Amino acid sequence: GKIAVRDNGAWVYLDALTGLIAYVEDEGVYYRYDAGWALLLETISAPGNTKFQAFLNYRFVLPAADTWTTIPFNNAVHNDQGDFSAGSNYFTAPATGYYLVNAAWVLSVEGASLPDWIGVGFGINGAAPANNAQHRTGPTFGDFASVNCTALLKLTAGDIVRVQAYAATNVCAISADVNHFNGHMVP
C-alpha cells in the first residue's frame, strides 16, 4: 500500500516497491528516492502541473468537407496556469513531458446531407492529427452524432496543440456548448 503525508507544501508518497516520491508544490517538481531516502533516483519537473478545460459557446460550421479544421474553443472553464489561449484556440505545453488530452464535439446538421463520418484529433505545431491522436465515428445516422478522442501526447516545451474536426463527404456544424477540450500534464 501507499501512504501520503503532507509536510510544508510537499506531498510525500511512501511505497515500498517504487521508493519514496515527494512532490514540492512550490517548485512544481517531483523527487523520487530509494526506499531509505538515501539516494535521489529521479527529478521530474512538472511546472504548476498545468491543467485546463475549454469549450466553444457558439455553433461553428466547418468550412469544408474532407479536411481537418481547427475548432475555435473560445472559453476556459478553468485554466490554472494560463497555458490555454482562448483567443488563439490552442494549448501550449509549458514543459517537456507527457500530457493527457481529451476533446469531443456533437454534430449539428448543416444542409440536406449528413457527413459519412466525423472525426476529432490533436494537431501539434500546425500539423494535421497523427493516426494515434485522432478518432473517427462509424457512419452517421439521423441528426445526432458525437465523437470523442483521448490521447497521451509526448510534447516539448512550447509545442502548440489544437483540436481539429473532420467531416467526410459533407459539411456539418459543431453544436454550441456541448463540446470540450481539456488536458493536464502527467507527472
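Keep in mind it's a predicted model, so treat the numbers as computed, not measured. Hydrogens, waters and symmetry mates are skipped; everything else that's a heavy atom, side chains included, is used. Numbering of residues begins at 1 and proceeds along the displayed sequence.
Looking at heavy atoms from C-beta onward, Thr137 lies out of side-chain contact with Leu107 at the 4.5 angstrom threshold. Thr69 places a side-chain heavy atom less than 4.5 Å from the side chain of Pro63.
Under the 3.5 Å distance criterion, the side-chain polar atoms of Asn79 are matched with a main-chain donor or acceptor of Phe84. With hydrogens and angles disregarded, no donor-acceptor distance shorter than 3.5 Å links the side chain of Asn89 to the backbone of Ile71.
Hydrophobic cluster membership is shared by Val147 and Leu62, with clusters built from Ile, Leu, Val, Met, Phe, Trp and Tyr side chains linked at under 4.5 angstrom. Phe73 and Leu153 fall within the same hydrophobic cluster, where Ile, Leu, Val, Met, Phe, Trp and Tyr residues are linked whenever their side-chain heavy atoms come under 4.5 Å apart, directly or through other members. Residues Phe60 and Tyr90 are members of separate hydrophobic clusters, defined by side-chain heavy-atom contacts under 4.5 angstrom among Ile, Leu, Val, Met, Phe, Trp and Tyr. Hydrophobic clustering (side-chain heavy atoms under 4.5 Å, transitive across Ile, Leu, Val, Met, Phe, Trp, Tyr) groups Ile118 together with Val109.
The two residues Trp68 and Ala128 have their closest heavy-atom pair at CD1-CB, 3.9 Å. Across all their heavy atoms, His184 and Lys51 have their closest contact at CB-CB, 3.8 Å.
Counting heavy atoms of neighbouring residues, nucleotides and ligands inside a 6.0 Å radius, atom OH of Tyr58 exceeds 12 of them.
The CG atom of Asn74 sits 12.0 Å away from atom OG of Ser88, with the distance rounded to the nearest 0.5 Å. Rounding to the nearest 0.5 Å places CD1 of Ile124 at 12.0 Å from NZ of Lys154.
Partners of Glu110 according to the side-chain hydrogen bond (donor to acceptor under 3.5 Å, both in side chains) rule, which considers only residues two or more places apart in sequence or in another chain, are Arg59. Scored by the side chain to side chain contact (heavy atoms under 4.5 Å, CB included) test, Asn102 finds Asn148, Thr150, His180, Asn182 as partners (sequence neighbours excluded). Every ring-ring contact (aromatic ring centres under 6.0 Å, His included) that Phe91 has, sequence neighbours left out, goes to Phe52, Tyr99.
Identified under the side-chain hydrogen bond (donor to acceptor under 3.5 Å, both in side chains) test for residues 156-173, with sequence neighbours left out: Asp116-Thr169, Asn125-Asp159. Legend: salt bridge (Lys or Arg N to Asp or Glu O under 4.0 Å) pairs involving residues 118-129, not counting sequence neighbours: none detected.
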Criterion side chain to side chain contact (heavy atoms under 4.5 Å, CB included) on Phe122 and Phe181, from CA distance to verdict: CA-CA 10 Å; Phe122 303 99; Phe181 174 25; 4.0 Å; yes
Using a 3.5 Å cut-off and no angle test, enumerate the donor-acceptor pairs between side-chain atoms of residues 172-179 and protein atoms at least two apart in sequence or in another chain.
from   : atom 1 : to     : atom 2 : distance (Å)
Ser175 : OG     : Val106 : O      : 3.3
Asn179 : OD1    : Leu56  : N      : 2.6
Asn179 : ND2    : Leu56  : O      : 3.2
Asn179 : ND2    : Ser175 : O      : 2.8

